[in-house]
Amino acid sequence: MTTADAHNDAEDRTRPEGLTGILEALAASIESARAMPMSSSVLVNRAELLDLVDQAMAALPSQLVRADAVLADAAAAQEAAQASADSMLREARMQAARLVEREQVVEEARVRAGELIAEAEHTAEGLRRDADDYCDRRLADFEIDLGKVLSQVQAGRAKLAGRLAGADGA
């Protein structure tokens with residue numbers, strides 16, 4: 001380690017930035033402290049460590065304020081996300097209700113269409129039956145008329161046959 005590095009190292013330990021820097025400087029001071037012979041104790045510079053502790057205590061409130069702000073932001077973000085989720089859930093429920101309602105309308109339309117088709121088939125069957133009955137009556141009248149014409153034709157032919165037979169025998 002050069003003299004300049006030692007000076008920078010000492011400067012870093014006396015004015016570190018941020019709470020993490022202060023804690024790192026504190027740890028570096030303890031690690032680089034001279035050890036007491038036959039003990040795990042070390043000799044540290046009281047003024048230097050107390051200065052670092054004061055800096056840590058001064059930095060601590062600002063760190064806590066930032067942490068509180070981060071937590072507040074997180075809470076606000078969570079509230080916004082919850083509100084968004086609630087809104088999406090509400091919209092999904094309304095859409096589901098609309099789909100169910102639409103399904104009911106479709107089912108009612110199918111039932112009504114079935115009723116209309118059955119009614120139309122019933123009406124068509126009645127009309128077909130009435131038309132067949134009308135045609136049967138008209139054909140029966142026509143059969144009667146043809147029977148009368150046939151009788152007249154047969155009577156005319158019989159009359160003509162009698163005249164022809166009388167002319168042949170005379």
Side-chain angles (χ1 to χ4, degrees), residues 12-13 15-31 49 51-170:
D12 288 344
R13 274 191 265 158
R15 291 287 163 219
E17 291 191 22
L19 184 58
T20 306
I22 294 168
L23 292 175
E24 287 173 355
L26 192 56
S29 291
I30 294 171
E31 287 175 0
L49 291 184
D51 182 48
L52 289 173
V53 169
D54 286 342
Q55 290 178 32
M57 291 178 78
L60 195 56
S62 67
Q63 298 291 329
L64 287 176
V65 168
R66 279 193 224 146
D68 285 344
V70 168
L71 287 176
D73 289 345
Q78 184 180 6
E79 286 179 24
Q82 185 65 44
S84 177
D86 290 344
S87 174
M88 291 172 70
L89 185 60
R90 204 174 22 256
E91 179 62 32
R93 286 182 177 150
M94 288 181 356
Q95 187 173 358
R98 281 192 301 263
L99 289 174
V100 167
E101 185 176 303
R102 188 180 306 160
E103 182 66 26
Q104 285 177 333
V105 168
V106 168
E107 185 60 32
E108 289 174 6
R110 282 187 189 138
V111 169
R112 181 67 182 138
E115 291 172 356
L116 289 174
I117 288 171
E119 185 178 324
E121 287 175 350
H122 179 73
T123 301
E125 181 63 31
L127 289 173
R128 191 176 308 120
R129 198 174 328 116
D130 289 346
D132 288 347
D133 186 49
Y134 173 78
C135 288
D136 185 52
R137 281 186 279 133
R138 296 303 302 162
L139 287 173
D141 291 343
F142 188 61
E143 185 179 17
I144 290 170
D145 290 343
L146 284 177
K148 288 179 184 175
V149 169
L150 182 61
S151 295
Q152 288 175 353
V153 167
Q154 287 173 343
R157 283 190 71 203
K159 196 176 196 179
L160 187 60
R163 261 196 289 178
L164 287 174
D168 286 339

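Numbering starts at 1 and runs along the sequence shown.
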Exercise. Do Glu24 and Thr20 have side chains that get closer than 4.5 Å, going by heavy atoms?
Worked result: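 When only atoms from C-beta onward are counted, Thr20 and Glu24 do touch, with a gap below 4.5 Å.
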For this session: Measure the shortest side-chain to side-chain distance between Glu103 and Leu99 over non-hydrogen atoms and say whether it is less than 4.5 angstrom.
Result: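 No, too far: nothing below the 4.5 Å cut-off.
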At what distance, to the nearest 0.5 angstrom, does [atom1] of [X] lie from [atom2] of [Y]?
X      : Y      : atom1 : atom2 : value
Asp68  : Asp73  : CG    : CG    : 11.0 Å
Leu150 : Lys148 : CG    : NZ    : 13.0 Å
Gln82  : Leu89  : CD    : CG    : 9.5 Å
His122 : Leu127 : NE2   : CG    : 10.0 Å
Leu139 : Glu143 : CG    : CD    : 8.5 Å
Leu71  : Arg66  : CG    : CZ    : 14.0 Å

Exercise. Is it true that Arg129 and Asp132 make a salt bridge, defined as a side-chain N closer than 4.0 Å to a carboxylate O?
Worked result: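 Salt bridge: no.
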Exercise. Are any of the side-chain nitrogens in Glu91 or Arg98 under 4.0 Å away from the carboxylate oxygens of its partner?
Worked result: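 The answer is yes: the pair qualifies as a salt bridge.
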Problem set entry | Ser29 side chain vs Ala25 backbone, donor-acceptor pair below 3.5 Å |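 Side chain of Ser29 to backbone of Ala25: a pair is present.
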For this session: For Ser151 and Gly147, indicate whether the former's side chain and the latter's backbone hold a donor-acceptor pair under 3.5 Å.
Result: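 Present.
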Exercise. Do you know which two heavy atoms are closest between Ile22 and Leu52, and how far apart they sit?
Worked result: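 In this case the closest contact between Ile22 and Leu52 is CG2-O, 3.2 Å.
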Exercise. Is the count of non-hydrogen atoms from other residues, nucleotides or ligands lying under 6.0 Å from Met94 atom CE greater than 12?
Worked result: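 Enclosed.
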For this session: May I ask you to check whether over 12 heavy atoms, not counting those of Glu125, lie within 6.0 Å of atom CD?
Result: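 Enclosed: over 12 neighbouring heavy atoms sit under 6.0 Å from CD of Glu125.
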For this session: In sequence, state the C-alpha distance, the side-chain angles, and the governing distance for Arg137 and Asp133, and then conclude on salt bridge (charged side-chain N to carboxylate O under 4.0 Å, His left out).
Result: CA-CA 6 Å; Arg137 281 186 279 133; Asp133 186 49; 3.3 Å; yes
For this session: Go through the steps to decide whether Cys135 and Arg138 satisfy the test side chain to side chain contact (heavy atoms under 4.5 Å, CB included), and finish with yes or no.
Result: CA-CA 5 Å; Cys135 288; Arg138 296 303 302 162; 5.7 Å; no
For this session: In sequence, state the C-alpha distance, the side-chain angles, and the governing distance for Gln104 and Glu107, and then conclude on side chain to side chain contact (heavy atoms under 4.5 Å, CB included).
Result: CA-CA 5 Å; Gln104 285 177 333; Glu107 185 60 32; 5.6 Å; no
For this session: I would like to know whether Arg110 and Val106 meet side chain to side chain contact (heavy atoms under 4.5 Å, CB included); could you show each step before the answer?
Result: CA-CA 6 Å; Arg110 282 187 189 138; Val106 168; 3.8 Å; yes
